[in-house]
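Scroll down for the structure; my scribbles are underneath it.
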Amino acid sequence: MNTAKVKRIIYDNLMRIVMLLISIIVAGPILWAFITSFKTSAEFLRSPWILPAKLQFVNYVNAVQKAHMGQYFINSIAVTFVSLAFLLFLVVPASYALARQRFFGSKMINLLVLAGLFINANYIVVPLFILLKNLNSLDNRLMLCAVYAATAIPFNVYLLSGFMKGISREYEDAANIDGCGPMMILYRIIVPMAKPGLITVSLFGFMTFWNEYMLALTLLTTPGKRTLSVGLKNLMEIQKYATNWGAMFAGLVIVMLPTMIFYASVQKKLTDGITLGGIKG
Amino acid sequence: MKTLNRTIKGQTKGEWRRRGFLAYCILPSLILYLTFMIYPTLNVFGNSLFHWSGLSPNKRFAGLENFANLMNDRVFWLAFRNTIFLMSVVTVITMALSLFLAFFLTKTRLKERNVYRTLFFFPNVLSFVVIGTLFKNIYAPSTGILNNLLKLFGLDSWCHAWLGESGTVLWAIAAAMIWQAFGYYMVMYIAGMDSIPRDVYEAADIAGASKFRQFFAITVPLTWEIIRVTLVFFIASTLSTSFLVVSVMTNTSQNYSSEVLLSYMYRQAFTNANFGYSMAVAVFIFLFSLFLAIVVNILTGKKEN
């Protein structure tokens with residue numbers, strides 16, 4: 001073996017050790033949470049290194065029933081999907097019009113949407129609270145979905161209209177000559193061709209809405225309407241007074257699991273989408 | 001083709017149909033966007049000039065008094081300092097880490113490199129409540145894995161009440177934020193580095209340039225555009241994610257050692273019923289983030305299109 005090859009092997013394995021160390025740092029906490037979710041409180045307090053003597057599925061039952069994580073789970077699913085439906089209904093036509101049509105005020109609106117990229121929902125959560133209070137719409141989940149969709153408009157319009165600009169005009173012209181109205185052109189021609197963009201919008205939308213915390217915490221006041229994120233934070237607070245640690249970790253896993261399944265199934269599309277959205281920006 | 005297109009459109013009797021279609025396209029988004037994004041933003045600026053609890057009818061014009069008070073507010077400056085600390089520490093470490101990892105993962109022949117890529121990205125899809133809960137338990141003084149790990153290696157003297165001590169709390173929060181973010185940026189940098197032609201590196205190898213040298217002489221300059229974009233991302237995301245992590249991980253009633261700008265804004269509005277003052281903090285946040293975005297753009301050299 002020549003020295004270059006030996007050097008290469010040493011180098012590769014050094015790299016591998018570094019990567020494995022980082023893998024442990026990334027995966028370790030998650031594995032720990034999983035294992036702990038099956039422990040009794042006594043086992044949890046004794047040592048983080050011991051394995052549970054018996055898998056305590058009762059922790060999950062407690063989290064779902066006593067800590068209402070089951071209810072919050074259903075709330076989260078409803079809020080996420082309704083918000084996503086709102087978002088798609090809003091941004092698909094809006095992106096098309098802004099990407100393709102010239103009309104009175106179109107430049108102004110484009111600029112306004114671009115400015116929205118600088119407005120983070122967390123910056124305006126306080127005035128949003130006052131606004132919904134004045135509209136008598138606090139604690140209204142449908143309104144929360146509308147707010148979610150609205151705050152996601154700038155980024156998604158920006159992303160989608162960029163995408164739609166890349167579709168050749170010839171298709172529209174041909175359809176126009178064939179007698180297609182604008183509605184038909186949008187939904188029969190543009191939407192199918194912009195499918196990769198729509199998938200990106202849906203994936204990011206799902207993730208954002210499912211994980212959102214601050215707006216859900218502030219705009220919903222009835223405990224029964226909480227989403228999973230808020231419910232988990234609440235569960236952690238209760239933990240200071242009750243000592244059911246297993247249920248707390250079970251709650252954590254319940255919040256984490258759908259995200260993991262989601263990630264496992266769309267991993268490739270998600271990371272491709274990131275570079276689609278990011279590098280063009 | 002364009003003129004033909006226009007004449008066809010002009011000739012069709014459907015000018016009204018076109019307007020109806022445009023209204024359908026634009027109006028729902030525009031109305032929602034103006035109501036839930038633009039109006040609250042203007043509200044921030046307008047109400048920063050008032051003394052107002054937010055809910056009571058008592059609202060008194062204060063001019064710039066809120067801002068003057070801000071200048072003398074010790075906790076506000078502490079929150080500002082903490083924000084800057086997190087911003088710089090998280091940005092520098094996350095960026096360095098993700099750039100190096102991206103570099104090695106694009107240049108390595110390790111067969112399992114895609115596994116690392118997938119795994120490292122994963123924390124990014126977790127919610128901040130999950131991350132906050134997880135790390136709060138990791139840092140727990142007696143039951144957390146961090147202190148127990150240190151004890152395992154006989155480093156008992158290194159143990160801390162990580163979130164309870166003012167000297168460690170910000171670093172602990174920064175670590176959680178880096179853990180969450182580095183995979184995301186790594187994926188972005190990998191995408192940029194993949195477009196660098198292989199023969200550039202091959203030429204460098206032949207010329208005897210070290211990997212270290214190649215990183216700074218080839219990789220960084222050729223991915224500069226993406227690095228620039230991510231710097232703006234870092235600013236915006238650290239401002240808001242630090243807020244989320246801090247509110248989940250630390251107790252709002254404890255001292256101010258982990259207060260950041262947004263958590264102070266939130267506290268002033270909802271705990272202290274000091275709405276006008278809270279909006280002054282928000283105005284400061286807006287101007288500060290805008291200022292930083294401009295500075296980043298100037299420092300990193302604007303590429304003219």
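Worth saying up front: this structure is predicted, and the values here are computed from it rather than measured. These numbers come from the heavy atoms of this one structure, side chains and all, not from hydrogens, waters or symmetry mates. Naming convention: chains lettered A, B, ... in sequence-line order (proteins, then strands); numbering from 1 in each chain.
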If you count heavy-atom pairs under 4.5 Å with chain A, which of [options] comes out on top?
{"options": "R113(B), M279(B), E112(B)", "answer": "E112(B)"}
{"options": "T133(B), L244(B), V44(B), L239(B)", "answer": "T133(B)"}
{"options": "N47(B), N114(B), V115(B), V187(B)", "answer": "V187(B)"}
{"options": "T118(B), V130(B), L22(B), N43(B)", "answer": "T118(B)"}
{"options": "A236(B), S127(B), A282(B)", "answer": "S127(B)"}

Validation row: [X], [Y] side chains within 4.5 angstrom (heavy atoms):
{"X": "I26(B)", "Y": "F103(A)", "result": "yes"}
{"X": "I38(B)", "Y": "I119(A)", "result": "yes"}
{"X": "Y266(B)", "Y": "M214(A)", "result": "yes"}
{"X": "P182(A)", "Y": "R18(B)", "result": "no"}
{"X": "F121(B)", "Y": "Q267(A)", "result": "no"}
{"X": "Y184(B)", "Y": "T271(A)", "result": "no"}
{"X": "N137(B)", "Y": "F249(A)", "result": "yes"}
{"X": "M236(A)", "Y": "V248(B)", "result": "yes"}

Considering only heavy atoms, which portion of [X] lies under 4.5 Å from any heavy atom of chain B: side chain, backbone, both, or neither?
{"X": "V92(A)", "result": "neither"}
{"X": "I153(A)", "result": "side chain"}
{"X": "I25(A)", "result": "both"}
{"X": "R102(A)", "result": "backbone"}
{"X": "L270(A)", "result": "side chain"}
{"X": "W210(A)", "result": "neither"}
{"X": "M260(A)", "result": "both"}
{"X": "F86(A)", "result": "neither"}
{"X": "Y96(A)", "result": "side chain"}
{"X": "T218(A)", "result": "both"}
{"X": "F262(A)", "result": "neither"}
{"X": "F118(A)", "result": "both"}
{"X": "M183(A)", "result": "both"}
{"X": "L131(A)", "result": "side chain"}

[X] [atom1] to [Y] [atom2] distance, which is reported to the nearest 0.5 Å:
{"X": "I22(A)", "Y": "L101(B)", "atom1": "CD1", "atom2": "CG", "result": "4.5 Å"}
{"X": "L119(B)", "Y": "M19(A)", "atom1": "CG", "atom2": "CE", "result": "11.5 Å"}
{"X": "F243(B)", "Y": "Y213(A)", "atom1": "CZ", "atom2": "OH", "result": "8.5 Å"}
{"X": "F104(B)", "Y": "M15(A)", "atom1": "CZ", "atom2": "CE", "result": "4.5 Å"}
{"X": "L27(B)", "Y": "L90(A)", "atom1": "CG", "atom2": "CG", "result": "11.5 Å"}

For [X] and [Y], work out which heavy atoms get closest and say how close.
{"X": "F120(B)", "Y": "S23(A)", "result": "CE2-OG, 3.6 Å"}
{"X": "A150(A)", "Y": "F36(B)", "result": "CB-CB, 3.7 Å"}
{"X": "P154(A)", "Y": "M37(B)", "result": "CG-CE, 3.8 Å"}
{"X": "W179(B)", "Y": "V26(A)", "result": "CZ2-O, 3.2 Å"}
{"X": "N122(A)", "Y": "M265(B)", "result": "O-CE, 3.5 Å"}

Evaluate whether atom [atom1] of [X] has more than 12 neighbouring non-hydrogen atoms of other residues, nucleotides or ligands under 6.0 angstrom away.
{"X": "F291(B)", "atom1": "CZ", "answer": "no"}
{"X": "Y39(B)", "atom1": "OH", "answer": "no"}
{"X": "K133(A)", "atom1": "NZ", "answer": "no"}

Where on [X] is there a heavy atom nearer than 4.5 Å to chain A: the side chain, the backbone, both, or neither?
{"X": "K151(B)", "result": "neither"}
{"X": "I145(B)", "result": "both"}
{"X": "L261(B)", "result": "neither"}
{"X": "L149(B)", "result": "both"}
{"X": "L126(B)", "result": "both"}
{"X": "S278(B)", "result": "side chain"}
{"X": "A140(B)", "result": "neither"}
{"X": "L290(B)", "result": "side chain"}

Find the one option among [options] whose heavy-atom pairs under 4.5 Å with chain B are most numerous.
{"options": "L98(A), L217(A), V91(A), V113(A)", "result": "V113(A)"}
{"options": "E172(A), M248(A), E212(A)", "result": "M248(A)"}
{"options": "V18(A), V255(A), L186(A), I30(A)", "result": "I30(A)"}

> Do K233(A) and F128(B) meet the cation-pi criteria used here (NZ or CZ under 6.0 Å from the six-membered ring centre, within 45° of the axis)?
Replying inline: no
>> Exactly one of S29(B), C25(B), P28(B) should register a side chain to side chain contact (heavy atoms under 4.5 Å, CB included) with P93(A). Which one does?
In response: C25(B)
> Does the side-chain contact (heavy atoms from CB on, under 4.5 Å) test come out yes or no for W32(A) and I138(B), once each step is laid out?
Replying inline: CA-CA 9 Å; W32(A) 177 62; I138(B) 287 170; 3.9 Å; yes
> Parallel, tilted or perpendicular for F122(B) and Y263(A), by the 30°/60° rule?
Replying inline: tilted
>> Quick test of your reading: applying side-chain hydrogen bond (donor to acceptor under 3.5 Å, both in side chains), list the pairs with at least one residue in residues 232-242 of chain B, sequence neighbours left out, ordered by first then second residue.
In response: N120(A)-S240(B)
> Does the side-chain contact (heavy atoms from CB on, under 4.5 Å) test come out yes or no for F104(A) and R19(B), once each step is laid out?
Replying inline: CA-CA 10 Å; F104(A) 177 73; R19(B) 283 186 195 171; over 6 Å; no
